[in-house]
**Student:** 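This is the structure I want to talk about, given as structure tokens.
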Number of protein chains: 2
Amino acid sequence: MAENSTGGTQTLTERQRQIAAAARALLDAEGPEGLTMRRVADALGIKAPSLYKHVPDKTALELLVVAGGFVEVAEALEAATADAAEPLPALAKAYRDYAVAHPHLYRLMNYQPLRRDLLPPGLEERAAMPLLAATGHDGDKARALWAFAHGMVSLEIDGRFPPDADLPAAWKAGLATFV
Amino acid sequence: MAENSTGGTQTLTERQRQIAAAARALLDAEGPEGLTMRRVADALGIKAPSLYKHVPDKTALELLVVAGGFVEVAEALEAATADAAEPLPALAKAYRDYAVAHPHLYRLMNYQPLRRDLLPPGLEERAAMPLLAATGHDGDKARALWAFAHGMVSLEIDGRFPPDADLPAAWKAGLATFV
DNA sequence: ACCGTGAAGCTAACAGCGTTAGCCAAGCGT
DNA sequence: ACGCTTGGCTAACGCTGTTAGCTTCACGGT
């Protein structure tokens, strides 16, 4: 079978896909506390040490989930902006919708340094394309837009805004610079 | 002695201050992996179970550190904007300087939902004052500015921007909307 | 001066986590 | 038929946060 790698240029084995799916389901349902090796193994009907025949360690397992998330985000942003008359608000909405629907995955993907060495190349670049397109391919504006969107969704999913905060108005205020 | 609380309206005991300082030093020096109950106790010359006479659990211990960080951030933002001809860029620089100098603390403070029930009241409000002042007390703009700054520093300290990214230009592009 | 109480330390232990070592069975290729 | 590879297993390890119960010391009250 394929070398015991995860997410590199090699394709995943069927078991690795099953592991990623089980891990993803636990993360979505229960957050990081639910994502343990024993829980993932239970979901697959095997014991935790058996996972190590398919992934080198827990970090690699998490990165299987992260890689899937990057693909999903890129697809969501691409779909949102494909035919949009105003791609910027459509992109912002799609970005927020994804994070709000998958807060635990969003945190796993975006709240730590990224092990690029253990992820397929091109994931970040693909996810960045819609932001570049929405800002007229201005790299500085695209990065600023990314930072703003990341900040808005992080603070929202972490419940950091006051309860009475008018988020649509804050989004509008912040996006004004990018129109 | 004071009730066995942490960070509530009661003042901290001397031992709790020592625990917070030891925890903070370990976090700054070694990141979250260095911040264990055994390591904190070692730094104080006692055993880990002894800590539970002073803090109810590890979360409470971490919140001692978080509370201290909020005070420091507020002080840094206040100092930066007190006499500034242009408070907005001064505020942004102070915010970034703090996060870049204390990335592990910044993550502990800002990368998760906040246990407000276990923190002294007013910490967030005080830290928000300079942002309100810098945006002409426009709540929507202040929140958007906060999101942008949080996004910029998070992506920077997590090494998420491409290595060749012009961060000053991205800061400038993003702040344009708030001038 | 003595006694009781409270505080703060200790040891031993527990439960759960990620991970390793070594064994076994099944399937496949020669 | 045999050897090798794969993928499961059990037992165990080390580390983590935390609890239970014991001991010692200091302080206050009588």
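Here is the naming used below: chain letters follow the sequence lines, and residue numbers restart at 1 for every chain.
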**Student:** Checking contacts here: which listed nucleotide (dT18(D), dG9(C), dC9(D)) is nearest the side-chain heavy atoms of Asp57(B)?
**Tutor:**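 Nearest nucleotide to the side chain: dT18(D).
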**Student:** Are more than 12 heavy atoms from other residues, nucleotides or ligands located less than 6.0 Å from atom CG of Asp83(A)?
**Tutor:**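 It does not: Asp83(A) CG has 12 such atoms or fewer within range.
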**Student:** Let me know the distance between NZ of Lys53(B) and P of dT11(C), rounded to the nearest Å.
**Tutor:** 13 Å
**Student:** Just how far, in rounded Å, is P of dG17(D) from CG of Leu35(B)?
**Tutor:**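 Answer to the nearest Å: 8 Å.
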**Student:** Compare every heavy atom of Leu167(B) with every heavy atom of Glu156(B), then report the nearest pair and how far apart it is.
**Tutor:** CD-CD1, 3.6 Å
**Student:** For the hydrophobic clusters of this structure (ILVMFWY residues joined by side-chain heavy atoms under 4.5 Å, transitively), does one cluster hold both Met129(A) and Leu123(A)?
**Tutor:**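 Met129(A) does not cluster with Leu123(A).
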**Student:** Within this structure, what is the CG-to-P distance between Leu44(B) and dA8(C), rounded to whole angstrom?
**Tutor:** 13 Å
**Student:** Whole angstroms only, please: what is the CD-C1' distance between Glu62(A) and dG18(C)?
**Tutor:**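 Between C1' of dG18(C) and CD of Glu62(A): 11 Å.
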**Student:** Could you work out how much the helix from dA1(C)-dT30(D) to dT30(C)-dA1(D) bends, comparing the axis of its first five pairs with that of its last five, to 10°?
**Tutor:** 10°
**Student:** More 5' along DNA chain C: Arg39(A) or Ser50(B), using each one's nearest nucleotide?
**Tutor:** Ser50(B)
**Student:** Report yes if at least one side-chain N or O of His54(A) is closer than 4.0 Å to OP1 or OP2 of dG8(D); otherwise report no.
**Tutor:**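 So the side-chain polar atoms of His54(A) do come within 4.0 Å of the phosphate oxygens OP1 or OP2 of dG8(D), strictly under.
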**Student:** Just wondering, are more than 12 heavy atoms of other shown residues or ligands nearer than 6.0 Å to CD in Glu14(B)?
**Tutor:** yes
**Student:** Over how many whole Å does the gap from Leu61(A) atom CG to dC17(C) atom P extend?
**Tutor:**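 Value for this atom pair: 14 Å.
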**Student:** Any donor-acceptor pair under 3.5 Å joining the side chain of Lys47(B) to the base of dG9(C)?
**Tutor:** no
**Student:** Aromatic rings His150(A) and Tyr111(A): how do their planes relate, parallel, tilted or perpendicular, breaks at 30° and 60°?
**Tutor:** perpendicular
**Student:** Whole-Å distance between dT19(C) C1' and Leu51(A) CG?
**Tutor:**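 From Leu51(A) CG to dT19(C) C1': 11 Å.
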**Student:** Which one, dT19(C), dT18(D), dT10(D), comes nearest to the side chain of Ala48(A)?
**Tutor:**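 Given the options dT19(C), dT18(D), dT10(D), the side chain of Ala48(A) is closest to dT19(C).
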**Student:** Would you call Arg24(B) and Asp28(B) a salt bridge, using N to O less than 4.0 angstrom?
**Tutor:**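 Between Asp28(B) and Arg24(B) there is a salt bridge, with a charged N closer than 4.0 Å to a carboxylate O.
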**Student:** Whole Å only: how far is the CG atom of Asp42(B) from the P atom of dC10(C)?
**Tutor:** 10 Å
**Student:** Can a donor-acceptor pair under 3.5 Å be found between the side-chain atoms of Lys58(A) and the base atoms of dG18(C)?
**Tutor:**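 Side chain to base: no pair present.
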**Student:** Starting at atom CZ of Arg38(B), determine the distance to atom P of dA12(C), rounded to an integer number of angstrom.
**Tutor:**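 Rounded to the whole Å, the gap is 14 Å.
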**Student:** Indicate the ring-plane relationship of Trp146(B) and Phe161(A), choosing parallel, tilted or perpendicular according to the 30° and 60° boundaries.
**Tutor:** perpendicular
